[in-house]
Asker: 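I'd like to ask some things about the structure below.
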Amino acid sequence: MKNFQPGPLQKIRDVGVGECVTIGDFVNLYECRIGANTSIGNFVEIGKGVVVGQRCQIRTFAYLCPGVNIEDDVFIGEGTTFINDRFARATNADGTMVTESDWTLRFTTVRQGASIEAKAIIMCDVTIGVGARVKAGSVVTKDVPDGATVAGNPARILA
Ligand SMILES: CC(C)(COP(=O)(O)OP(=O)(O)OC[C@H]1O[C@@H](n2cnc3c(N)ncnc32)[C@H](O)[C@@H]1OP(=O)(O)O)[C@@H](O)C(=O)NCCC(=O)NCCS
C-alpha cells in the first residue's frame, strides 16, 4: 500500500491505498486502508481503522464508520450507512458530553462478494455473509448467512 495524495476536493489523512484505486470528489478518508482496484464514489466518508478490500465499489454518500471491515469484491450501494454503537446518546447521566471513553466500539464485517444495495442501514455486531445480498432500503439488525438475500425493516431472509 502507498500513501495517497489528496485532490483539492478530498480530505484524506493517513490512508493506505492499493494500485489503481479511484477516489471521487468531496471524499473524507481517515486512517483507513483501501485495496487495489477499488472505486470510492463522491461524498463517501470512511473512518479510522476501516479496511476495504480489493475490487470493491463504494458508491456515493456511503458512510463506513470505524469498526467496519469490508472484504474483497463487495458492493456498497449509494447512501448506505453503518453503525458502530448499540445505544447512541449525546450526554452521560451526569450531564457531561459522551466522549470516546464512554462507549464501546462495535464491529461489522461484510464478507467477500456481498452486495449491499442503496440506502441500507447496517447495524453493528453483524456479519454479512459471503455473496449475500441486502436489498435497497433494508435495516440489517442480525447476521446475514452466506448467499442469503434479505430485505425490509428489520431485514428478513427472502424465501
Ligand atoms: C443495536 C440495535 C440494532 C439492536 O438493539 P437491541 O436493543 O439489542 O435490540 P434487539 O436485538 O433486542 O431487537 C429486538 C427486535 O427489534 C428489532 N430491531 C432492533 N433494532 C432495530 C432497528 N433499528 N430497526 C428495526 N428493527 C430493529 C430486532 O431485529 C428484533 O426483532 P426480531 O426479534 O423480530 O428479529 C439497536 O439498538 C439500534 O438500532 N441501535 C442503533 C444505534 C445507533 O443508531 N447508533 C448511531 C451511532 S453509531
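Numbering of ligands and ligand atoms starts at 1, following listing order. Atoms considered below: every heavy atom in the structure, side chains included; atoms not considered: hydrogens, waters and symmetry mates.
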Asker: If hydrophobic clusters are built from ILVMFWY residues whose side chains come within less than 4.5 Å, do V68 and I83 share one?
Answerer: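 Per the 4.5 Å side-chain linkage, V68 and I83 are not co-clustered.
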Asker: Decide yes or no for Y30 and E45: does some side-chain heavy atom of the first lie under 4.5 Å from some side-chain heavy atom of the second?
Answerer: yes
Asker: Applying a heavy-atom cut-off of 4.0 Å, say which part of N84 lies close to ligand 1: side chain, backbone, both or neither.
Answerer: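 The answer is both.
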Asker: Under 4.0 Å from a heavy atom of V139: which atoms of ligand 1 are those, numbered in the order shown and with their elements?
Answerer: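 In order of numbering, the contacting atoms are 24 (N).
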Asker: Starting from atom 26 (N) of ligand 1, what is the nearest protein heavy atom, named by residue and atom, and what distance separates them?
Answerer: P154 CB, 3.6 Å
Asker: Is atom 9 (O) of ligand 1 in close reach of the protein, with a heavy atom under 4.0 Å away?
Answerer: no
Asker: Is the contact between N153 and ligand 1 made by the side chain, the backbone, both, or neither, using heavy atoms and a 4.0 Å cut-off?
Answerer: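 Within the 4.0 Å criterion, N153 contacts ligand 1 through side-chain atoms alone.
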Asker: So, the side chain of N92 versus the backbone of D94: is there a donor-acceptor pair under 3.5 Å, distance only?
Answerer: no
Asker: Any protein heavy atom sitting closer than 4.0 Å to atom 5 (O) of ligand 1?
Answerer: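 Within 4.0 Å of atom 5 (O) of ligand 1, protein heavy atoms are found.
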Asker: Is it the case that the side chains of D73 and Q112 hold a donor-acceptor pair, with the cut-off being a distance below 3.5 Å and no angle test?
Answerer: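 Side-chain D/A pair, Q112 to D73: present.
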Asker: What protein heavy atom is closest to atom 29 (O) of ligand 1, reported as residue, atom name and distance in Å?
Answerer: T141 OG1, 2.8 Å
Asker: Protein heavy atom under 4.0 angstrom of atom 48 (S) of ligand 1, is there one?
Answerer: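 Yes, there is a protein heavy atom closer to it than 4.0 Å.
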Asker: Taking the side chain from T108 and the backbone from G67, do they hold a donor-acceptor pair closer than 3.5 Å?
Answerer: no
Asker: Give the contacting part of D85 toward ligand 1: side chain, backbone, both or neither, where contact means a heavy-atom distance below 4.0 Å.
Answerer: both
Asker: Ignoring hydrogens, tell whether any protein atom lies closer than 4.0 Å to atom 35 (O) of ligand 1; use the non-hydrogen atoms only.
Answerer: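 Yes, there is a protein heavy atom closer to it than 4.0 Å.
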Asker: What protein heavy atom lies closest to atom 40 (N) of ligand 1? Include the residue and the distance to one decimal.
Answerer: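 It is R86 O, 2.9 Å.
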Asker: So, are E78 and K119 salt-bridged, with charged N and O less than 4.0 Å apart?
Answerer: no
Asker: With a 3.5 Å distance limit and no angle check, can you tell me whether D146 reaches the backbone of G129 through a side-chain donor-acceptor pair?
Answerer: no
Asker: Give me the one residue out of R133, R59, K135 that meets salt bridge (Lys or Arg N to Asp or Glu O under 4.0 Å) with E117.
Answerer: R133
Asker: What protein heavy atom lies closest to atom 44 (O) of ligand 1? Include the residue and the distance to one decimal.
Answerer: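 Here the nearest protein heavy atom works out to I83 CD1, 3.9 Å.
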Asker: Hey, quick one: are V144 and I121 part of the same hydrophobic cluster, counting side-chain heavy atoms closer than 4.5 Å, chains of contacts allowed?
Answerer: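 Different clusters.
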Asker: I157 and I128: same hydrophobic cluster, using ILVMFWY side-chain contacts below 4.5 Å?
Answerer: yes
Asker: To which of K142, M123, R156 does the heavy atom nearest atom 3 (C) of ligand 1 belong?
Answerer: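 Looking at heavy atoms only, M123 sits closest to atom 3 (C) of ligand 1.
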Asker: Under 4.0 angstrom from atom 32 (P) of ligand 1, is there any protein heavy atom?
Answerer: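 There is a protein heavy atom less than 4.0 Å from atom 32 (P) of ligand 1.
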Asker: Of all the non-hydrogen atoms in the protein, which one sits nearest to atom 46 (C) of ligand 1, and at what distance?
Answerer: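 For atom 46 (C) of ligand 1, the nearest protein heavy atom comes out as A88 CB, 3.7 Å.
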